[in-house]
Structures are given as structure tokens and as C-alpha cells.
Protein chains: 2
Amino acid sequence: MDASPFINKPKTKKGRETLNRIVSAAAQVFYEKGYHSASINDITRLAGVASGTFYVYFDGKYNLYKFLLLQCSHMIRKHLYESTKNCKSRREIEEVGLREWLKFVDQNKYMYHVIWESLYIDKELFVEYYVNFAKNYIKGLDIAKKEGELNTEIDSEVLAFTLMGASNFLGLNYGLFKDGRYDHEMVVESFMKILNGGLFRVPEEKKEKETGELPIRLTVEFGDDEEED
Amino acid sequence: MDASPFINKPKTKKGRETLNRIVSAAAQVFYEKGYHSASINDITRLAGVASGTFYVYFDGKYNLYKFLLLQCSHMIRKHLYESTKNCKSRREIEEVGLREWLKFVDQNKYMYHVIWESLYIDKELFVEYYVNFAKNYIKGLDIAKKEGELNTEIDSEVLAFTLMGASNFLGLNYGLFKDGRYDHEMVVESFMKILNGGLFRVPEEKKEKETGELPIRLTVEFGDDEEED
DNA sequence: GCATAATATGAATATGTGTTCATTTTGAGA
DNA sequence: TCTCAAAATGAACACATATTCATATTATGC
């Protein structure tokens, strides 16, 4: 999809620079205050332009948001595509994908806010974003199934949302809550252990040990027993 | 935590009924329009009371939201606790937990909206909610580790956010996007296959097959070869 | 250096809505 | 029936802010 329906395209270098400043400022202000609490004045002030200038490039706040959401979508897809395109297996894609996603979130913390807030700005945008993202994810998973890399008994849609959810929440906790101050590699390693099937252990059956029958049972007679029942 | 700091407690049956109507209406309107677009008038109109009545029980819109968030938090924890308390293993907890969560989302679709929107109303509420939820989750995982049920090499925090993310996104897709019209049991089964380590298959090594050395190599001479290089 | 389109300005306007409060209604107990 | 605290009312107010527009400035091609 092209972004042009959402903006009035600048026609000179100066105009492009101004538009970029406005969009960058918007990302920052939306990140700090959220869409609704962010005023056009907040954005133009940070961008260093007059409030009227905003309306030279955007027909309104809502269009600015849609433009920004589209930018985010493009950036994420491009980053993930570029960093996984040389992977040799689905397993490697998942590993490299998570590592790069965590890195990406650290460097672009505002993206979460922009994307998730669509649910409260226009539900359709939100649904469209994730359904679309999942569709691509599923396509990749189905290819891996054909190659014999994945268990075909696992539904691809369930798997896609499971993996997307995991990445999203890990990025949330480590990138936003912990502000990127953590051991990325440890996270990736633990995550891959889960996917590689190392989650559950069969515990040594304690009940057998504690209350089960012993193989050999001896009863010693002391001869002076007095109480028994 | 007690909810009383956020409300002016009603003192009669009639007051309690009115407060319930307002909170229920708020959940519905927040679900439909989001916090910021939901006006007090929208809420009181749906509740069937005058706008001023709202301020008899709440000191403002923000307090209503905090009250509602706390209610959601309680309901979710209670539901999950009640439905998993008799589980015999961690594996069973995860299975029953997901099944019940999906059911719960179907019956209380507004919860997602209320909880996630906290990120745009008061970031601290959002962080507090999830950090707290994770803390409890981790506690349970650590117990399972002690029992020998889980791989101790997997970091509990990573695992907690992985599982929370998966449940959240599955609930999102099936409960909200698909509006609950799907086969719950299929989702749970696929999810458990992933957790049980059945995700990756070792593909028959195609490269060996296609380009590798054959065990026996025969070269047939036809005698009439003309081109070779 | 002139003409013209593109860009920039910011005060003024229009609109929506959170909140207040003086007043009225309700209902349980005496 | 009377009393009074609790509950309910809704018009009026205060405030924030998205947007407009007449005007000014800047840049580019001829």
C-alpha cells in the first residue's frame, strides 16, 4: 500500500525536510503521551514549526496517525525480511527473527505504542495490521511444513499467533519495561530451548518413591511389640 | 489492593445498583469507543442515569477507569486460579489455563481493551499490571522447576512472558478477530503440541539426497561419447 | 531580478466534553 | 405521616484543542 493517500506530498527538498520533522516529532509525542493526549501543538512545537504548517502536509491528526502506522509496518517488515532472508532453516529464522526484533524494539521503542494504539483509534486498522502480519507469517510456516521442517499436525495459524505473541511480549518486557538493559542472548537462548522442545521434563515419579510398594519387604520381629492396629 | 480509594461507596441497595449500572455501561462504552472517545454522557446515557449521577460515585473519569481495571484484574486472576487449582501438573495448568482463558475472553471481550488501553492512559498502570501478573506466573513456574517438571535451564521470566504473550495473542485472534467462532479444542491441542516439544521435525537431509555422494558409483562407458568437459 | 508556486505563519474560530452545583426526588425508619 | 440522609438531576460553566485562513516568507526557473 502506498502512503500518499494520507499526505499532501511536498514538492521541494525543504518541504520534505519539514514533513520528516513533523513525522519524527509525532512519533516521539505519541510515544510519550499517546495519540489522544498528544496535541497538534505539542507536535509542531517539537518539530519547530507553526501549528498551521501541519495542515500543509496532513489533512488532519487521524491521517498523520495512519501515515505513521504505515511507516512502522514497512520498517518492521523490511527489517525482519532483510535480517532473515539468508537463513537456512525455519529454526534459524525464528532465532534470528527474535534476536533482531528485540534489537529493533530497543532502537524504536515508539513502535509498540503506535501499533497497539490503533485498537483505540480505529479498530479496523488494528485488525488489518495483525491479520495481515499473521498471513505472511503463516505463509512462511507452511513452506517450512512442506520442507518437512515443522510438524504438520500443528495448526499454522495457532503457531503464528503463538510466536507473534511471544515476540511481542518479550519485546514489551525487555525493551520497554527493562528499557533494553538485559542480556539479549540469554533471552534468545531460553526461547529457542522452549521451541526446541526442552520445556517439560518427566519428573521422577515421586509418589512411587514415597508411598509405593518396595520391591522387597522385610518385617523384623522384635518380640516386645505392645501396640499394634 | 482494595478498590475503595477509587469510588465513593454507595450506602444503600439502590446506590449499589446504580454504581453497578454505571460500571457495566462504562465497560461496554470503553469497549466500543475506547477511553478517550467515550464521554461521560455516553456512559450515563447507557446506564440510564443523569450525567451528574456519575460524580456521586466517582471523582472523575480517570478514577472510573482505575476502578474498572482493578475489577478486570481481579476477575481474571480469580477465574484462572479457580479453574487450575486442582491441576496435577504444570503441563495440565498450561492446558487448562489456555482453554479457560479463551473461554473467558469470549465471554468478556471488553477486558482486552480495558487492560491494554492502560498503556495510553497511565503507562505505570500498564507496567504494574503486567509485571505483577508475570511475578505470579514466575512463582508458579519456579515451583514446577523444583518439582522437576520444567527444564531449569530455561529462564522463568522468559518463559512467563512467552506463555503470557502466546495466550494473549491467541485470545486476541480467536476471541476478538474471529469473535469466538472457532474450534477451541483444536487451538488448545496445537498449542500443547508446541509446548510438548513437537514443533520442529528433523527433515530428511535433502542436500545429501540431491547432491551427495552415492554409496556405489558406476560409470557406464557407451563408447560413442563425443562431448565432455 | 522578476514572477510564481511552494511553504510557513499564528491568531481566531468552532466544537466537544469533563465537571460543578443548586435543586429535587427517593425511601427507610421513627 | 414526618424526617432526613442518600441519591439523582441536568443546565451551565470552564477549558482544551483541532482546524481554518488571510497573510507573509521563501525558493526556483526563466
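A, B, ... follow the sequence lines: proteins, then strands. Residue 1 opens every chain. This is a predicted model, so every value here is computed, not measured.
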B/Y31 six-ring face occupied by B/K109 cation (under 6.0 Å, within 45°): no
A/K14 side-chain N/O to C/dT7 phosphate OP1/OP2 under 4.0 Å: no
Distance-only side-chain donor-acceptor flag, A/Y62 / A/D122, under 3.5 Å: yes
For atom NZ of B/K61 and atom C1' of C/dG16, their distance in whole Å: 11 Å
A/T12 vs C/dT7: side-chain N/O to OP1/OP2 distance below 4.0 Å: yes
Rounded distance (Å) that lies between atom P of C/dG18 and atom OH of B/Y65: 16 Å
B/N8 CG - D/dA8 P separation (whole Å): 13 Å
Passing option when B/D106 is tested against B/H184, B/K178, B/R181 for side-chain hydrogen bond (donor to acceptor under 3.5 Å, both in side chains): B/H184
Pair B/E147 + B/R90: basic N to acidic O under 4.0 Å: no
Pair listing, salt bridge (Lys or Arg N to Asp or Glu O under 4.0 Å) test, anchored in residues 64-87 of chain A, at least two apart: A/E82-A/K85
Integer-rounded Å distance: D/dA27 C1' and A/E17 CD: 15 Å
Close residues, residues 34-60 of chain B, relative to DNA chain D [heavy-atom separation under 4.0 Å]: B/V49, B/A50, B/S51, B/G52, B/T53, B/V56, B/Y57
Verdict with reasoning, B/T162 to A/L170, per side-chain contact (heavy atoms from CB on, under 4.5 Å): CA-CA 7 Å; B/T162 297; A/L170 288 170; 3.7 Å; yes
Stepwise side-chain contact (heavy atoms from CB on, under 4.5 Å) check, B/W101 with B/H79: CA-CA 8 Å; B/W101 170 247; B/H79 189 85; over 6 Å; no
Atom pair distance, as rounded to whole Å: OH in B/Y62 and C1' in C/dG18: 16 Å
Whole angstrom value for the distance that separates P of D/dT19 from CG of A/L64: 10 Å
Atom-to-atom span, NZ of B/K9 to P of D/dA7 - whole angstrom: 13 Å
Any B/K11 side-chain N or O less than 4.0 Å from OP1/OP2 of D/dA6: yes
Any A/T18 side-chain nitrogen or oxygen under 4.0 Å from OP1 or OP2 of C/dT7: no
Protein-nucleotide distance (B/R21, atom CZ; D/dA7, atom P), rounded to Å: 16 Å
